[in-house]
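Just so we're on the same page: letters track the sequence lines, and every chain starts at 1.
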Amino acid sequence: MLNQVRESSVLPEEKAGQWVKSGMTIAIGEPAPMGLLRWIIRNKITDLTVIGSGLALDYLIAGGCVRKVITYYAGSPDIAVMPAFRSEAENGTLEVWECEEGILTSGLEAAGKGLPFMPWRGGVGTSLPDINADLKVIRDPIGGEVLIAVPAINIDITLLHASISDSYGNVQHCRGTGWLDMFLYRAADRVIVQVEKIVSNEEIRSKPWETTISNADAIVLSPYGAHPFYSRGYYVQDQEHIRDYLEAITTAYSDGNRDKKDGYFEKHCNQFQSHAEYLDAIGTRHLISLSEY
Amino acid sequence: MLNQVRESSVLPEEKAGQWVKSGMTIAIGEPAPMGLLRWIIRNKITDLTVIGSGLALDYLIAGGCVRKVITYYAGSPDIAVMPAFRSEAENGTLEVWECEEGILTSGLEAAGKGLPFMPWRGGVGTSLPDINADLKVIRDPIGGEVLIAVPAINIDITLLHASISDSYGNVQHCRGTGWLDMFLYRAADRVIVQVEKIVSNEEIRSKPWETTISNADAIVLSPYGAHPFYSRGYYVQDQEHIRDYLEAITTAYSDGNRDKKDGYFEKHCNQFQSHAEYLDAIGTRHLISLSEY
Amino acid sequence: MSFPATIKEVMAVVLSRELEDGDHLQVGVALPVPEVAVRLAHIMHGPNMQLIFLGGRMNVHHLESIPLPDFGWDSRSVRWAESYSDRGHRFDQVKAWHKRVFFVGGLQVDKFGNINLIGIGNDPTKLKFRGPASVGTPTLTTHVGRYYIVLNNHSSRVLVPKCDYVSAVGWHEGGANSRKELGIPGGGPKLCVTPLCVMDFTEVEKRMRLVSLHPGVTLDDVKANTGFELVIPDIIPTTLVPTEDELTTLRTRVDLNGLLRSG
Amino acid sequence: MSFPATIKEVMAVVLSRELEDGDHLQVGVALPVPEVAVRLAHIMHGPNMQLIFLGGRMNVHHLESIPLPDFGWDSRSVRWAESYSDRGHRFDQVKAWHKRVFFVGGLQVDKFGNINLIGIGNDPTKLKFRGPASVGTPTLTTHVGRYYIVLNNHSSRVLVPKCDYVSAVGWHEGGANSRKELGIPGGGPKLCVTPLCVMDFTEVEKRMRLVSLHPGVTLDDVKANTGFELVIPDIIPTTLVPTEDELTTLRTRVDLNGLLRSG
């Protein structure tokens, strides 16, 4: 017998994090895999092309890791336009692959299906194909209707945060996945999933219809790993922490004062050797106060 | 206050069945909605274009309702090629829209997405585009790769069988839907879902992540409604009944003896006024013996 | 409850009256006025409406109150959902979107109801003001049965002759056939509701037209704050203010924290 | 357990040895030989294999036995599944299919491994023999890492010079680049296993070539029952028969009802 043991997919954060190399195309799901994003910032990974949205994407831009974003939405209910995104895009230091939700999902679907493109109607008549030269206006080969051909969007590594998985990479999101998670998973060469809890294989098999991702390449145990953002069924956003982030980063960019930005990341990210140290600094009492109920 | 009552989607079989008119394009999901199919045969609906596979499709062909099939598979583990399908296709009395699973799902996805076509790679180099003139061999507008453009496959009414729903059309399949059910649902103007059981709205809302279809246009209460086929989590196939069907229909077609076929349908379908009468004839003891466990 | 409605409350009630029982209601991000409107309509006259939040579908007509969530990304806002089927399939059934009603804002809106969420400036790689990007507005406005443009402020910087960039096509360069000619099937923008007035689009040209002025607003206020020439009808009514019942319901069963009463 | 293996058992063991730990295994319909082979390999040497049945994914290496189901459509066969994610998404992740191994049969198979499931006859609207249609074989054979052609009988009516119709492209009209030139990315057919012999495809021309004869089968038997000229190597070994361990495992832990022992 050559091999009689089923292999575990569980990796420590630093092992999984090392898969991410400068220059890669990565994607960020929802809830946000903040533990891994902090690892990326701490380890000075740069020149990433990032598919994502909202403040988690901004965090990575502010952290100095991003050269190009593929995003349909760079705002949040907390702020009209995210500060690092806005400032770097206006300066021309951040490239934006202009798109929208249906165009983005079409490109991701094409990648997952091994196709060079997918057609989409949303965006016809808009400025999107003018701004983004990768989007081609075509006539459909059946009836001649005008559509947009979206090229496949392939991803090196997708980073997700979910509720539970077993040790073999079978992931079950609580209350459904984030809107893009499944698209990002299917379009990627590899997927790393942070989870709140690792459960037994038997627990997964007792409700296989809840499995959202099978064969995750790496599982990282990361309780409270989406902090300061929410994790469905576990905790809500840390509004105070997010307000502090927005204030620090907005001020840093409007002053042109890099130190303020560095100070923020030193205090909230770089000084920690691990996710556990980060959680210690946040404090158990505060974490518990965020419980979703 | 104009309207203070939420409307029920529950309809008796005959009300929902009357939506199906001769000449329409209908689709049959999996498990098979046999109660509704028997209603269609009994009421002599004809000239249907049917999207389906397996013996439930054959049953409708043998029943005299079908002019054209859109199918990727007309066999079953019980018989290499279904008898009515085979005979009528060989005689040229049944039109076959030749395809395969990926091409079919692409056409259905196009319909659901409001697109005139979707590209697909599976089928490139095969005879499918030679046999089926609706499939166009194209070059992709980005990199010039050879692909197949599949036109949208729009459906008038999709008929499905599922485990449970509430009275408002929120359906939850046990252990996932049939492979094509969601595609057929999204590509259709209307969907009628037979269910084993109607449950409270509260039960649905306690696990919304298990809802597979919201807004079904009609819910038909149809316990054992997939008989003689299986219903996941409820009962297994009635092998004996299926053997009888295959023998009767195969003999009828090979003899060219229409009476044998008519005799089969008289005995197993047309003599009953309702699904309940059909179940009475099968008998409770026999139905219970089919329980899946 | 007898103190007068605020302008935001007036806007919410105007929108809620537009909604029909059976509509499927989806609100774009950061638009508290339609967030209140869809909940109010659901309680007032929409037992068969569906509210679509974060991909979840809810019918919560049976609840005593449907409060606004604390913040938009809170998954508790879909706690009463009947399905999450939109998650992962959000754009796979646009065929059924003729029942769907959408609400959208914009950095810029032009006289044909085209919307810009991309940004302001000539060079798209170095915008003077970088917007949040188009979200799902191009796809939604392409396919939904009808949609409403809702603006948080009415100024000539927002209501412009021509958008610098178009995120979502309204009536394109004008004309009732303009969408059809482009191959865009949905019903298009129906109204544009601002803190000053309600506007619609003319039947033939599809140019933006004044419908009613909110209480205390003059025609000159509107003209002075609109960057293009609005079609002005002969008779300009005042926007119908909320009834006692509407206002009480809004305040006690939806906007519990008074979000629309502040500012 | 010492009575000799049947031909079907030999075929199943040949296939099981081909499978590598970590493979994702999917079997086409009505093919009991590979149904046994994938289960046997999983038990014997594949703790990281995944079995894909009816859209469910299973790893059941921990079970004492992995019996064949009573009949193919029985949902009990996925009772130990870890996910049903393929349901509704079966073809949405072909990108990951390089790990997937597929098994397929055919009404006709030609010397380049092209397969016909459509039918026999000149007029596709009135076939002399109407086949069951292509199922998912065009897509699966286009993308999977490798696949095996498994035939229930070896005759010149099945192994033909040219298929009347092609459901799934093997090596097209021949040549190691033939798939690439067509734009078909997967690894193509690796072996063709029949009740008489094992065959593979030559390196350059990709023509079907004899690899080994099953015990008791002669070269003439094969030639007489093959409708095209097979490439015959200088040395023709006998197919390695199952070991005692393999046969015992097959019979006591997989094929409990002796399906491969009958007929």
Is there a side-chain contact between [X] and [Y], using heavy atoms and a 4.5 Å cut-off?
X       : Y       : result
L128(B) : S134(D) : yes
T137(D) : E101(B) : no
T139(D) : W120(B) : yes
R121(B) : P138(D) : no

So for [X], is it side chain, backbone, both, or neither that comes closer than 4.5 Å to the heavy atoms of chain D?
X       : value
Y293(B) : backbone
A80(B)  : backbone
V96(B)  : side chain

Taking it one step at a time, do F129(D) and V81(B) satisfy side-chain contact (heavy atoms from CB on, under 4.5 Å)?
CA-CA 10 Å; F129(D) 176 76; V81(B) 188; 3.8 Å; yes

To the nearest 0.5 Å, what is the distance between [atom1] ([X]) and [atom2] ([Y])?
X       : Y       : atom1 : atom2 : value
D164(D) : S127(B) : CG    : OG    : 9.0 Å
T126(B) : I115(D) : OG1   : CD1   : 12.0 Å
Y165(D) : D130(B) : OH    : CG    : 9.5 Å
E98(B)  : I118(D) : CD    : CD1   : 4.5 Å
T125(D) : E90(B)  : OG1   : CD    : 12.0 Å

Which atoms of A81(D) come close to chain B, meaning under 4.5 Å heavy atom to heavy atom: side chain ones, backbone ones, both, or neither?
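When you check distances to chain B, no heavy atom of A81(D) falls under 4.5 Å.
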
Under 4.5 Å heavy-atom distance to chain B, tell me which part of T142(D) shows up: side chain, backbone, both or neither.
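Contact with chain B: side chain only.
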
Nearest atoms (heavy-atom pairs only) where [X] meets [Y]:
X       : Y       : value
A89(B)  : R130(D) : CB-CG, 3.7 Å
V169(D) : V124(B) : CG2-O, 3.6 Å
P132(D) : G75(B)  : CB-N, 4.1 Å

Can the ring centroids of F91(D) and W179(B) be said to lie less than 6.0 angstrom from one another?
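Centroid separation for F91(D) and W179(B): below 6.0 Å.
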
Tell me, yes or no, whether the heavy-atom count around K128(D) atom NZ, taken from other residues, nucleotides or ligands under 6.0 Å, exceeds 12.
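Counting neighbours around NZ of K128(D), 12 or fewer heavy atoms of other residues, nucleotides or ligands fall under 6.0 Å, so no.
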
Above 12 or not: heavy atoms from other molecules or residues under 6.0 Å from CG of D123(D)?
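Check passes, neighbour count above 12.
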
May I ask you to name which of G102(B), G233(B), S53(B), S106(B) has the most heavy-atom pairs under 4.5 Å with chain D?
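Result: the option with the highest number of such pairs is G102(B).
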
Please determine if K126(D) and E88(B) form a salt bridge, counting it only when a charged side-chain N lies under 4.0 Å from a carboxylate O.
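Judged by the 4.0 Å cut-off on N to carboxylate O distance, K126(D) and E88(B) do not form a salt bridge.
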
Mind ranking S167(D), A30(D), A133(D), G119(D) by heavy-atom pairs under 4.5 Å with chain B and telling me who comes out on top?
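Most heavy-atom pairs under 4.5 Å with chain B: A133(D).
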
